[in-house]
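So you know, we letter chains A, B, ... as the sequences are listed, proteins then strands, and number each from 1. FYI, side chains are in, hydrogens and waters are out, and symmetry mates aren't considered; it's all heavy atoms of this structure.
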Amino acid sequence: MNELSKAYNHAEVEDKIYKLWIDSGYFNPDNLPNAEKREPFTIIMPPPNVTGTLHIGHALFATIQDILTRFKRMQGKKALWLPGTDHAAIATQSKVEAELYKKEKKTRFDFSREEFLKMVEDYAQQSHDTIISQLKRLGASADWSREAYTLDEPRTLAVRTAFKTMYDDGIIYRGARIVNWDPKLKTTVSDDEIEYKQQTDPFFHFKYGPFEIGTVRPETKFGDKYVVMHPDDKRYQNYKHGQKIELEWINGPLTATVIKDEAADMEFGSGVMTITPAHSAIDFEIAKRHGLDIEQIIDDRGILLPIAGEFAGQHIKKARALIVEKLQKKGLLVKTDEGYIHNVATNSRGGGIIEPQIKEQWFIDVNREFPMRHSEIAGIKSGQMVTLKQLMRHVVQEGLIKIIPEHFEKIYFHWIDNLRDWCISRQIWYGHQIPVWYRASLPSPGVGEGSRERSDNQEIYCDITPPKGEGWTQDTDTLDTWFSSGLWTFSTLGWPIEKTIDFDHKLVDLVKTGSKIKTYRLTNKQVAVGETVTTHNSQSGQLFGYLKIKSVKQMTLGEIDLKTDGHEKYTDQQEFFNTFRNYYPALDVSANSPVWIYDFEYKNQPDLNLYHPTDVMETGYDILFFWVARMILMTTYHTGQIPFKTVYLHGLVRDKDRQKMSKSKGNVIDPLGVIDTYGTDALRFALIFSTAAGNDIPLSEDKIKGMKHFANKLWNISRYILMNLPANTKLQIPNLKPEPKTEADKEILSKLDAVIKSATKNLDDFHLHEAAQEIYQFAWHEFADVYIEASKKQLADTETKQNTEAILLHCLIAILKLLHPFMPFVTEELWGKLHPVKSGKAGQPSAEFNGVKEEKLVKNDDLLIVQDWPK
RNA sequence: GGGCAUUUAGCUCAGUUGGUUAGAGCGUUGCAUUCACAUUGCAAAGGUCACUGGUUCGAGUCCAGUAAUGCCCACCA
């Protein structure tokens with residue numbers, strides 16, 4: 001036994017302990033003691049973007065999720081915390097583009113798509129490695145063997161499968177709509193990614209025939225030939241809907257049409273406006289309502305089109321002043337208000353100012369009814385007609401998914417009620433390319449399975465793999481990053497689970513276990529060794545499990561020796577053949593029929609079956625809509641299950657003055673710097689101490705420092721106890737039964753009991769901060785301050801010496817266990833002082849303890865990480 | 001404009017279904033220290049629980065209203 005040093009030195013401990021855990025294999029739930037008997041508990045990690053390094057927000061989510069995972073693991077659950085990273089399409093690409101422009105003054109269009117993608121991938125890879133190693137430093141007990149990436153191969157299959165299914169259901173459609181166009185990144189962005197920024201601009205009042213109209217954007221006004229007013233506006237009651245008015249405008253005379261629409265605000269300005277349907281969402285709606293002409297004025301680079309007459313070809317930024325000047329010369333400028341404050345829509349992922357444009361894009365229809373293919377959701381039957389909106393509302397309203405804190409449920413409903421179709425196509429290059437191919441339509445029929453005829457003589461094909469034949473080109477757009485993120489809870493667990501095997505009655509294949517053929521099936525393709533196929537219940541279609549092919553043998557049916565190789569049910573060859581004939585009447589079964597005999601390994605609990613629906617989704621409230629809502633949408637639709645039972649939303653980490661942390665304010669706390677100075681445990685404890693779910697979290701260096709003191713206190717408590725106990729006592733820990741003799745004994749044991757019960761309940765209820773606080777209180781101010789002081793006298797008295805030793809040890813063990821989820825490193829290290837372990841695989845005996853070879857005493861499954869939670 | 005929250009000690013915040021004397025961390029003041037720990041211990045000061053009214057035997061907690069603050073959504077041509 002090594003003497004403990006006077007103070008806890010995290011730097012010496014953390015790497016060593018993390019390696020011990022990795023070597024034990026316990027982060028992978030399949031390796032846990034009695035794994036097969038454990039109930040699953042699953043958290044899928046919200047994948048950090050591969051756009052840089054770890055910040056304090058990552059430290060927070062990693063801490064909370066690790067606490068929950070470690071707690072459940074100790075409670076005997078088959079605890080899976082599945083990690084991953086997100087390619088964050090638009091954010092990553094724009095970051096690389098910004099760097100490129102800064103360094104070389106080049107844009108992505110100076111490279112080929114492949115060259116550019118290579119650069120983005122290199123950046124993403126490097127960023128990924130940094131983030132993963134940083135998560136490990138936080139003590140994350142995630143199962144790295146299952147790590148996923150939103151852009152890796154299994155996820156690509158999931159994305160394409162999801163797209164095709166929704167396309168076939170008519171949920172995904174392509175249409176020309178007004179979309180948020182970012183001329184800077186040259187892509188659309190979804191409504192949720194828009195960020196409004198306040199801006200001050202001149203506001204112009206122009207004479208428009210008999211009316212006065214106002215605008216900040218004269219450059220959009222060329223095509224304005226509709227003048228809109230509220231039907232109840234008394235000032236304009238003499239003008240009739242549809243009335244034509246001749247007037248003089250920018251480039252000459254124009255015939256304007258009066259439109260009465262309630263969208264016009266009588267309070268604003270003159271109460272009259274002209275509309276630009278091609279470049280304003282509201283105007284577009286008005287135009288559609290009245291069946292008006294829609295004309296594009298500005299192209300997607302911000303250049304004026306021929307409709308602008310003499311201004312055509314100019315950039316809108318330059319043209320504005322010239323247009324105003326011209327209108328002024330024509331006497332149409334009434335006045336200019338300088339300093340008009342208004343909001344401008346910008347792209348929050350890259351900063352460009354949004355120019356609404358009408359473009360052909362891909363959308364997910366949230367209001368279209370479709371038959372639910374398969375449902376395990378209470379209150380929704382398989383085959384029932386539903387919409388995505390209804391599904392999203394239902395699972396939260398019925399309490400199938402619980403959101404913590406609860407008031408976010410109201411915000412969630414409010415969002416759903418205002419939800420419009422989700423634009424999922426982006427014109428950037430980094431991401432999942434849309435699995436749709438086009439070619440000019442051929443007169444002959446005979447198009448493939450995934451193809452559809454289109455009215456514009458363009459053939460369109462959607463499938464997981466490219467179409468066969470000449471002349472197909474793939475859609476150049478990529479998918480919104482949240483499309484793949486929406487699949488995250490189930491794509492990480494192996495969905496779509498099976499390789500579909502199409503039956504076409506050409507070959508017979510048999511699968512066997514051991515020497516006996518157990519089942520047979522018909523396929524049109526040979527399955528290779530190492531591949532995995534699935535078996536289903538032929539009636540219900542429910543998944544049984546995976547068959548992993550170990551070997552393949554080809555022969556004819558007649559060659560099968562029923563005695564050694566035969567199906568277990570049959571001894572007579574004719575009877576064997578007859579069974580095939582009954583099953584597959586269309587097949588001409590004879591002794592010459594070719595067969596493939598597969599030897600396989602059967603796995604009947606694939607991850608998806610076992611770990612999905614997951615238990616907890618832990619993430620920031622700021623991505624409730626972006627992500628949580630989209631996961632609910634995608635998961636209910638594709639799997640007929642809920643993605644998770646509980647959504648735990650944490651707040652933003654702020655500084656001690658409640659200010660947002662930002663580089664420009666210089667108040668950023670770098671988690672890695674803090675870890676170096678104070679240790680991971682101190683940072684983790686500071687992050688959850690006194691912070692309730694959903695509230696923003698004030699964090700200061702003083703607080704972290706205080707928690708380092710606590711780690712040290714724990715160290716010294718252990719040190720005191722170890723110094724006062726004879727070595728052989730330590731070996732008998734399981735046999736020690738604390739028997740209270742004094743008042744102090746009774747008091748501490750009853751308080752321990754109370755804190756165990758309360759902390760357990762609080763952890764079960766996701767009140768992590770309260771659990772942390774009461775354990776802290778107990779350890780420091782009850783156990784250390786009171787009982788340890790009392791123990792000094794009790795240990796000196798032979799009457800009370802033994803029970804005091806037992807109680808000290810009993811309490812210490814309980815405290816180490818209770819604190820382990822919160823402060824994993826220091827507790828594991830101290831536990832190791834009680835139960836020394838050698839690194840090695842789980843279950844291997846440790847060779848040495850206390851200088852004595854005691855092979856049978858200590859095993860690696862004595863690591864604290866897998867101890868039973870105290871009761 | 002619509003919605004959602006917050007208001008408790010000097011500061012930052014807990015306080016789960018109503019129930020003794022409202023708690024913690026940091027900070028402040030005094031004392032102690034050959035003791036496992038000065039990264040310590042003991043003690044103290046500090047609160048009209050934003051305000052007004054109501055329900056109740058009893059309200060920080062429930063209800064209504066007022067005020068201040070913060071966030072989200074929509075967005076004005």
Engineer: What is the distance, rounded to the nearest whole Å, between atom CG of L687(A) and atom C1' of U12(B)?
Structural biologist: 14 Å
Engineer: Calculate the interatomic distance between Y648(A) atom OH and U16(B) atom C1'; express it in whole Å.
Structural biologist: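 In whole Å, U16(B) C1' lies 13 Å from Y648(A) OH.
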Engineer: Rounded to the Å, how far apart are K402(A) NZ and U16(B) C1'?
Structural biologist: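 Going from NZ in K402(A) over to C1' in U16(B) covers 12 Å.
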Engineer: Heavy atoms under 4.0 Å, any strand shown: does I788(A) hit a base, just sugar-phosphate, or nothing?
Structural biologist: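 It contacts base atoms.
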Engineer: How far does the P atom of A5(B) sit from the matching atom of G46(B), given to the nearest Å?
Structural biologist: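 Between the two P atoms, the distance is 36 Å.
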Engineer: Any strand counts, and the cut-off is 3.5 Å on both contacts for Watson-Crick or G-U wobble. Which nucleotide pairs with G41(B)?
Structural biologist: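 Per the H-bond distance test, C31(B).
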Engineer: Send over the distance from K792(A) NZ to U34(B) C1', rounded to a whole Å.
Structural biologist: 13 Å
Engineer: Using a strict threshold of under 4.0 Å (side-chain N to carboxylate O), is an ion pair present between K757(A) and D753(A)?
Structural biologist: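 Salt bridge between D753(A) and K757(A), a charged N being under 4.0 Å from a carboxylate O: yes.
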Engineer: Any N/O pairs under 3.5 Å between the protein and nucleotides 73-77 of chain B? List them or say none.
Structural biologist:
residue	atom	partner	partner atom	Å
C75(B)	OP2	Y196(A)	OH	3.0
C75(B)	N3	N343(A)	ND2	3.1
A77(B)	OP2	Y340(A)	OH	2.3
A77(B)	O3'	T215(A)	OG1	3.1
A77(B)	N6	D265(A)	O	2.9
A77(B)	N6	F268(A)	O	3.0
A77(B)	N1	D265(A)	N	3.1

Engineer: Provide the Watson-Crick or G-U wobble partner of U6(B), both distances under 3.5 Å; none if there is no partner.
Structural biologist: A68(B)
Engineer: Roughly how many Å is it from CD1 in I717(A) to C1' in A36(B), rounded to a whole number?
Structural biologist: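 Atom CD1 in I717(A) sits about 9 Å away from atom C1' in A36(B).
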Engineer: Counting side-chain heavy atoms from C-beta on, which of G15(B), G25(B), C37(B) comes nearest to E770(A)?
Structural biologist: G15(B)
Engineer: Using a 4.0 Å heavy-atom cut-off, does H205(A) contact any base of the nucleic acid, only the sugar-phosphate backbone, or nothing at all?
Structural biologist: nothing
Engineer: Does a nitrogen or oxygen in the side chain of K6(A) sit under 4.0 Å from OP1 or OP2 of C37(B)?
Structural biologist: yes
Engineer: Which part of the nucleic acid, if any, lies within reach of K705(A) when heavy atoms closer than 4.0 Å are counted: base, sugar-phosphate only, or nothing?
Structural biologist: nothing
Engineer: Starting the side chain at C-beta, find the nucleotide from G25(B), A36(B), A14(B) nearest to A784(A).
Structural biologist: A36(B)
Engineer: Find the partner of A77(B): check Watson-Crick (N1-N3 plus N6-O4 or O6-N4) and G-U wobble (N1-O2, O6-N3) distances, both under 3.5 Å, and reply none if neither fits.
Structural biologist: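 None - no nucleotide pairs with A77(B), as no candidate has both distances under 3.5 Å.
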Engineer: Figure out the CD/P separation between E774(A) and U16(B), and round it to whole Å.
Structural biologist: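 Distance check: E774(A) CD to U16(B) P gives 13 Å.
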Engineer: Please confirm whether the shortest side-chain N or O distance from W780(A) to OP1 or OP2 of U40(B) is below 4.0 Å.
Structural biologist: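 W780(A) to U40(B) OP1/OP2: no side-chain N or O under 4.0 Å.
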Engineer: When the distance from NZ of K708(A) to C1' of U40(B) is rounded to whole Å, what number comes out?
Structural biologist: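 Going from NZ in K708(A) over to C1' in U40(B) covers 15 Å.
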Engineer: Rounded to the Å, how far apart are E701(A) CD and C11(B) P?
Structural biologist: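 Computing the E701(A):CD to C11(B):P distance gives 22 Å.
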Engineer: Determine whether any donor atom in the side chain of E789(A) lies under 3.5 Å from an acceptor atom in the base of A36(B), or the reverse, and answer yes or no.
Structural biologist: yes
Engineer: List for me each residue that meets side chain to side chain donor-acceptor pair (under 3.5 Å) alongside Y412(A), sequence neighbours excluded, and say none if there are none.
Structural biologist: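 Counting only residues at least two positions away or on another chain, Y412(A) forms no side chain to side chain donor-acceptor pair (under 3.5 Å).
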Engineer: What's touching nucleotides 5-10 of chain B from the protein side, N or O pairs under 3.5 Å?
Structural biologist:
residue	atom	partner	partner atom	Å
A5(B)	OP1	K410(A)	NZ	3.3

Engineer: Looking at residues at least two apart in the chain, or sitting in another chain, which of them share a side chain to side chain donor-acceptor pair (under 3.5 Å) with R217(A)?
Structural biologist: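 Residues passing side chain to side chain donor-acceptor pair (under 3.5 Å) with R217(A): E219(A), E355(A).
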Engineer: Given G41(B), C4(B), A36(B), which nucleotide is nearest the side-chain atoms of I411(A)?
Structural biologist: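 Nearest nucleotide to the side chain: C4(B).
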Engineer: Going by the rule side-chain contact (heavy atoms from CB on, under 4.5 Å), which residues pair with T677(A) if we only count those two or more places apart in sequence or in a different chain?
Structural biologist: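 Scan of T677(A) (side-chain contact (heavy atoms from CB on, under 4.5 Å), adjacent residues dropped) gives none.
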Engineer: Could you go step by step and tell me if E193(A) and S190(A) meet the side-chain hydrogen bond (donor to acceptor under 3.5 Å, both in side chains) rule?
Structural biologist: CA-CA 5 Å; E193(A) 280 163 323; S190(A) 69; 3.1 Å; yes
Engineer: Can you list everything that forms a side-chain contact (heavy atoms from CB on, under 4.5 Å) with S280(A)? Sequence neighbours excluded, please.
Structural biologist: I282(A), D283(A)
Engineer: By nearest heavy atom, map Y720(A) and Y776(A) onto RNA chain B; which one lands nearer the 5' end?
Structural biologist: Y776(A)
Engineer: How would you list, by chain and number, every residue that makes a side chain to side chain donor-acceptor pair (under 3.5 Å) with N418(A), sequence neighbours excluded?
Structural biologist: none
Engineer: Got a salt bridge between D421(A) and K389(A), using NZ or NE/NH1/NH2 to carboxylate O under 4.0 Å?
Structural biologist: no
Engineer: Can a salt bridge be assigned to the pair E701(A) and K705(A) using a cut-off of 4.0 Å between side-chain N and carboxylate O?
Structural biologist: no
Engineer: Which listed nucleotide (U40(B), G15(B), A36(B)) is nearest to the side chain of H709(A)?
Structural biologist: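 Among U40(B), G15(B), A36(B), the one nearest the side chain of H709(A) is U40(B).
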Engineer: With A287(A), which residues qualify under side-chain contact (heavy atoms from CB on, under 4.5 Å), at least two apart?
Structural biologist: P277(A), L292(A), I294(A)
Engineer: Not counting sequence neighbours, list each pair that qualifies as a salt bridge (charged side-chain N to carboxylate O under 4.0 Å, His left out) and has a residue in residues 260-274 of chain A.
Structural biologist: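 Sorted pair list: D261(A)-R289(A).
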